[in-house]
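What follows is one structure encoded as structure tokens, with my remarks underneath.
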Amino acid sequence: MTLDKNYDPASIEREAQQFWTDNKTFEAIEDPSKEKFYCLAMFPYPSGKLHMGHVRNYTITDVIARFQRMQGKNVLHPMGWDAFGLPAENAAVENNTAPSKWTHDNISYMKSQLQSLGFGIDWSRELATCEPTYYKWEQWFFTKLFEKGLVYKKTSAVNWDPVDETVLANEQVIDGKGWRSGVQVEIKEIDQWFIRITDYADQLIDDLDGLDQWPEQVKTMQRNWIGKSQGVNVVFDLSESISEYSHLNVFTTRPDTLMGVTYLTLATQHPITLKLAEKNSSIAKFIDQCQSQKTSEADMATMEKLGMDLGITAVHPLSGETVPVWVGNYVLMDYGSGAVMAVPGHDQRDYEFAKKYVLPITQVVLSAEHKDTNIETEALTEKGTLTNSGKYNGLDFNTAAEKIASDLESTQHGSMATNYRLRDWGVSRQRYWGAPIPIYNLANGGEIAVPADRLPVLLPTDVSMNSIQSPIKADKSWCKAELNGEPVEQETDTFDTFMESSWYHARFTCPDLDSAMLDPVRANYWLPVDQYVGGIEHAILHLLYARFFHKLLRDEGLVNSDEPFKSLLCQGMVLAESFYKENDGRKIWLSPDEVTVKRDEKGRALSALETKTGLSVFSGGITKMSKSKNNGVDPQTTIDRFGADTVRLFTMFAAPPEQTLEWSDEGVLGAHRFLRKLWKMVQEHVESGQSEPLDKDNLNPKHKDLRRKTHETILKVSDDFGRRNTFNTAIAAVMELLNEVAKHNDHSEQTKATRHEALENAILLLSPVAPHICHKLWKVLGRSEELTEAIWPQVDDSALARSIITIVLQVNGKVRGKVDVSPDISKQELETIAVNDSNVKRFIAGNVIQKIIVIPGKLINIVAN
RNA sequence: GCGGAUGUGGCGGAAUUGGUAGACGCGCUAUCUUGAGGGGGUAGUAACUUAGGUUGUGGGGGUUCAAGUCCCCCCAUCCGCACCA
């Protein structure tokens, strides 16, 4: 085979991709005789075109998938489309097209981009969640959950735009105002469907312990999110009943502070608050004021705490004293019972509230460690011994909590309880572009699941979105249906799109199945996913819902595993430099390729100028690639210019996968230069002619050095790919190997033989990252079998042996010399050499040697003073 | 506010188990090469220095023969907070 002089990625990549397609190289077939490996990337939302985050994500899974394939595994690496969602509706309104058409156009373009990157994807399993063949089974599954009592309807708060008369997503609320209308958003309570994820809270926490290949921080975030806490439910009787309400329930994790309760606070939506508001206009006005705040927890936590005395009192269950009852804007109706007991002496939020509204503060805990805490200026939140608590004085936290809980229990005023921060999963969305919720609303007010033989409840796709309202809500006839001769109404809300992304990992195992949601045989062959890769921004919600859904699938008998994802890798964001100029105080963001950076003679950045005008611009820092900062780099431009292999190589080399990745045009050029160097090196090697076979036992020291480097590199890259997922250091190791090969450029037979071994292995090691160039060079080196069928190289341990090692000599922890010795030198010999080293002697002169520490094979430290 | 992470040369990063800080790459400097390419090769590149060394991994303390790595406090930046996906 002859070789082109110049590395031409376009033709090489076209050829390799054609070969993989023609040979169906990456189509996965279930084969129980082979060990399987299921490698999954979080599937993309078809937003229009691929961004660098996608490129990074799918390059990572492709490298892992190709590596595992070379380990002899039966690899499944599928791809699909998270195709329902809000942006399609926004685009539809803007361009007056149907969300379906917009979505399908995007899918077809983005698919061609993924193919041009040479990802080894099994396209025969492609799926899009907006297809009825997919969401039919999601609807079917929901009706199963409905029958099991795992779903229910209740009222819940949404952001309501009173002008557009529509529900807004949190991101559509900007500074408390609707993004389109610009008017103040209101909180509105509407009926919505919920799935009982809280029934699975304990499993979701406990099973985290078995996920030993998940990042610790993700597991911690999930544990904190579920927020299991032990405490006590306390009943406060009302001094006088309000309508049918005679008492209040509160949950506390600090029953030891119960004697320090000086008031209670209710949520604005608490039934008692609402009842009182009917007859008290100032309470009603207060509730009304609180309606114009955002529902997000972050806003709840940071907003000003407001409250109002409701004018009623409750009876303290232990002391019998009366305590006032307030309403507060910071109490969540969705969490716990919608009422909290306030202990301002020992809770910072209660403390600030009490100071603001001049409510009494009582200290009931003394801390041994914080004796100096002054209750006049701040709350004492540490646990300690009780004081001002009558018969509980002097008890520690545990004893006091137990005693108080049992005293409450004996008078039916409380009991031990477990509480979760996790709330049930609200799956109703008042939008069009989603899977219709398969429920019939009955004339008498009840609900019934749509019968299985009527599924799927089809979402009409031939619609025009000239108004903001959902077409299936606007069309008053769409919801009309009949069941057993009675008129019923089809639910017009659609599912949260997290529903689709919660089970696609399972559907990929049998996407063509039209008779059932899953084929348990195929599903259980592939599941659980061996390696899941996606952004850290999904660490909580998506991953928690998918874990939950997998347990629901298990309980329906569809899969037999407890967890969907055995190993998880969260990749970091892709960043780029940003620049802006100011115009009348407004920032105008410039694309980085419109800017020239001036540097000094050491390469330090001095200033940035707009290339076109020569005017100086400001740096906006290195931030996430985004439209708003105009600093996005289109992957296509780089692929067209340098080829897919260069983009893949740079993406994997510039940073380890979990860290942020800074885009750098110079860095991309460096990656391209490396591939060109590899190309040239193989060419020159092949031109030097065929060599004699490698004669391992008759190598000179120089040849041995190259062989050692080759096998050290195999060892390192195998560990980096297989265990550490540090692709950057693996690539660096191959670069080092090639730097070494460049020094072995003579034409002696054994040089050629060891160089051939080095180059062949370099191509194998690099092939998961840069598969196209390796596909070609593998043949150039004369190999007849296909690279995709090649087996990962094995380390020859005999090649790793060293005859000399370098030991570092330290005096008092500082390096004072180095010495080359035999690897099997004794401790005594080494000590003798060290203390006699001239430079070491200089630093121990006049001091007494206290001790000598020897770390075999590494260093010797002489402690002297 | 709460929860989670990150911080190392001019820049991206390496140092895997507490054991030589700065691998590999970018940039820069010098130099060689008629070199058609977003060229190639070689050497140098943490700072300071009286050229012996000294200092140095966001800041401040601590443990240790030895700390980028372990512990405590602080600062800055980023991610998530339940209707963006």
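Below, read A as the first sequence line, B as the second, and so on, with proteins coming before strands; counting in each chain starts at 1.
- In this structure, the nucleotide among B/rC83, B/rG25, B/rU20 sitting nearest to the side chain of A/Leu859 is B/rU20.
- B/rG56 takes the anti form, because its glycosidic angle lies more than 90° either side of 0.
- Looking at A/Asp493 and A/Arg431, no side-chain N of the basic residue comes within less than 4.0 Å of a carboxylate O on the acidic one, giving no salt bridge.
- Here the C1' atom of nucleotide B/rG39 and the CZ atom of A/Phe642 are 14 Å apart, to the nearest Å.
- In terms of polar N and O atoms assigned as donor or acceptor, the side chain of A/Gln430 comes within less than 3.5 Å of the base of B/rC83 in a complementary pairing.
- Residue A/Arg723 places its side chain closer to B/rU16 than to any other of B/rU16, B/rG13, B/rG27.
- In the set B/rG19, B/rG52, B/rG12, the nucleotide with an atom closest to the side chain of A/Arg842 is B/rG52.
- Atom name C1', nucleotides B/rA14 and B/rU50: the rounded distance is 34 Å, in whole Å.
- With C1' as the reference atom, B/rG27 and B/rC11 are 7 Å apart, rounded to whole Å.
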Output one line per pair: protein atom, nucleotide atom from nucleotides 5-7 of chain B, and distance, for all N/O pairs under 3.5 Å.
none

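- Residue A/Phe674 is out of contact with every strand shown, counting any heavy-atom pair closer than 4.0 Å.
- Nearest-nucleotide positions on RNA chain B for A/Gly670 and A/Tyr45 put A/Gly670 closer to the 5' end.
- Within 4.0 Å (heavy atoms only), A/Ala298 reaches at least one base atom of the nucleic acid.
- Residues passing the side chain to side chain donor-acceptor pair (under 3.5 Å) test with A/Gln172: none are found, sequence neighbours excluded.
- Across all strands, A/Pro656 comes closer than 4.0 Å only to sugar-phosphate atoms, never to a base (heavy-atom distances).
- Here A/Phe653 lies in heavy-atom contact (under 4.0 Å) with a base.
- Heavy atoms of A/Ser664 sit nowhere under 4.0 angstrom from any nucleic acid atom.
- With its glycosidic angle more than 90° from 0, B/rG35 is assigned anti.
- When heavy atoms are screened at a 4.0 angstrom cut-off, A/Ile853 is found touching base atoms of the nucleic acid.
- Between the CD atom of A/Glu577 and the C1' atom of B/rG12 there is a distance of 12 Å, given to the nearest Å.
- Listed candidates were B/rC84, B/rG27, B/rG12. Nearest to the side chain of A/Arg673 is B/rG27.
- Note on A/Val167: a base of the nucleic acid sits closer than 4.0 angstrom, heavy atoms only.
- For A/Glu171 and B/rC84, the CD to P distance is 6 Å, given to the nearest whole Å.
- For the P atom pair drawn from B/rC24 and B/rU45, the interatomic distance equals 12 Å after rounding to whole Å.
- A donor N or O paired with an acceptor N or O is not found under 3.5 Å between the base of B/rG1 and the side-chain atoms of A/Arg349.
- In this structure, A/Leu669 reaches the sugar-phosphate backbone alone: every heavy-atom distance under 4.0 Å involves primed, P, OP1 or OP2 atoms, never a base.
- With contacts defined as side-chain heavy-atom distances shorter than 4.5 Å, the pair A/Ile195/A/Asp424 does not qualify.
- Regarding A/Asn861, its CG atom lies at a distance of 13 Å from the C1' atom of B/rG18, rounded to whole Å.
- Rounded to whole Å, the separation between the P atoms of B/rG19 and B/rC70 comes to 11 Å.
- Listed candidates were B/rG4, B/rA85, B/rU20. Nearest to the side chain of A/Asn224 is B/rG4.
- Of the two residues contacting RNA chain B, namely A/Thr729 and A/Lys818, the nearest-nucleotide position lying further toward the 5' end is that of A/Thr729.
- Atom CZ in A/Phe549 sits 12.0 Å away from atom NE2 in A/His542 (nearest 0.5 Å).
- Using P as the reference atom, B/rU16 and B/rU69 are 12 Å apart when rounded to the nearest Å.
- Distance check on atom P: B/rA76 versus B/rG60 gives 16 Å, rounded to whole Å.
- What separates CZ of A/Phe498 from C1' of B/rA82 is a distance of 8 Å, to the nearest Å.
- Using a 4.5 Å heavy-atom cutoff, the side chains of A/Thr155 and A/Gln192 are not in contact.
- At a cut-off of 3.5 angstrom, the base of B/rU20 holds no donor-acceptor pair with the side chain of A/Lys858.
- One atom, CD1 of A/Ile622, and another, P of B/rG10, lie 15 Å apart when rounded to the nearest Å.
- Surrounding NZ of A/Lys858 are at most 12 heavy atoms belonging to other residues, nucleotides or ligands under 6.0 Å away.
- Note on A/Arg641: a base of the nucleic acid sits closer than 4.0 angstrom, heavy atoms only.
- You'll find the side chain of A/Leu568 stays beyond 4.5 Å of the side chain of A/Leu211, heavy atoms only.
- Considering only the side chain of A/Arg676, B/rG39 comes nearest among B/rG39, B/rG19, B/rC83.
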Protein proximity profile, nucleotides 74-80 of chain B - base contact B, sugar-phosphate-only contact S, no contact -, cut-off 4.0 Å on heavy atoms: ----SSS
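- Side chains of A/Asp837 and A/Val819 form no contact here, defined as non-hydrogen atoms less than 4.5 Å apart.
- If you check every strand for non-hydrogen atoms under 4.0 Å, A/Asp719 touches a base.
- Here the C1' atom of nucleotide B/rC26 and the NE2 atom of A/His672 are 16 Å apart, to the nearest Å.
- The gap from the P atom of B/rG68 to that of B/rG18 amounts to 13 Å, rounded to the nearest Å.
- Counting heavy atoms from C-beta outward, A/Ile855 and A/Ile860 have side chains that stay 4.5 Å or more apart.
- Counting heavy atoms from C-beta on, the side chains of A/Gln810 and A/Arg816 never come closer than 4.5 Å.
- For A/Ala169, taking side-chain heavy atoms from C-beta onward, the closest of the listed nucleotides B/rU20, B/rG53, B/rC83 is B/rC83.
- Proximity note for A/Glu736 (side chain, C-beta onward) versus B/rA15, B/rA23, B/rU20: the nearest is B/rA23.
- Between A/Phe43 and A/Tyr504 the shortest side-chain heavy-atom distance falls below 4.5 Å.
- B/rU29 sits 24 Å from B/rU34 when the C1' atoms are compared, rounded to a whole Å.
- Distance from the side chain of A/Arg816 is smallest for B/rG53 among the nucleotides B/rG13, B/rG38, B/rG53.
- With A/Arg547 contributing its side chain and A/Leu204 its backbone, the two residues share a donor-acceptor pair below 3.5 Å.
- Inter-residue side-chain proximity for A/Gln469 and A/Glu165 is flagged as unmet; no heavy-atom pair is nearer than 4.5 Å.
- Note: CG (A/Leu675) to C1' (B/rG25) measures 13 Å, nearest angstrom.
- Residue contacts for A/Leu661: at a heavy-atom cut-off of 4.0 Å it reaches no nucleic acid atom on any strand shown.
- Taking 3.5 Å as the limit, the base of B/rU16 and the side chain of A/Lys716 contain a donor-acceptor pair of atoms between them.
- As judged by a 4.0 angstrom heavy-atom cut-off over every strand, A/Val808 is placed among the base-contacting residues.
- Cation-pi geometry between A/Lys680 and A/Tyr7 is not satisfied (NZ or CZ under 6.0 Å from the ring centre, within 45° of the ring normal).
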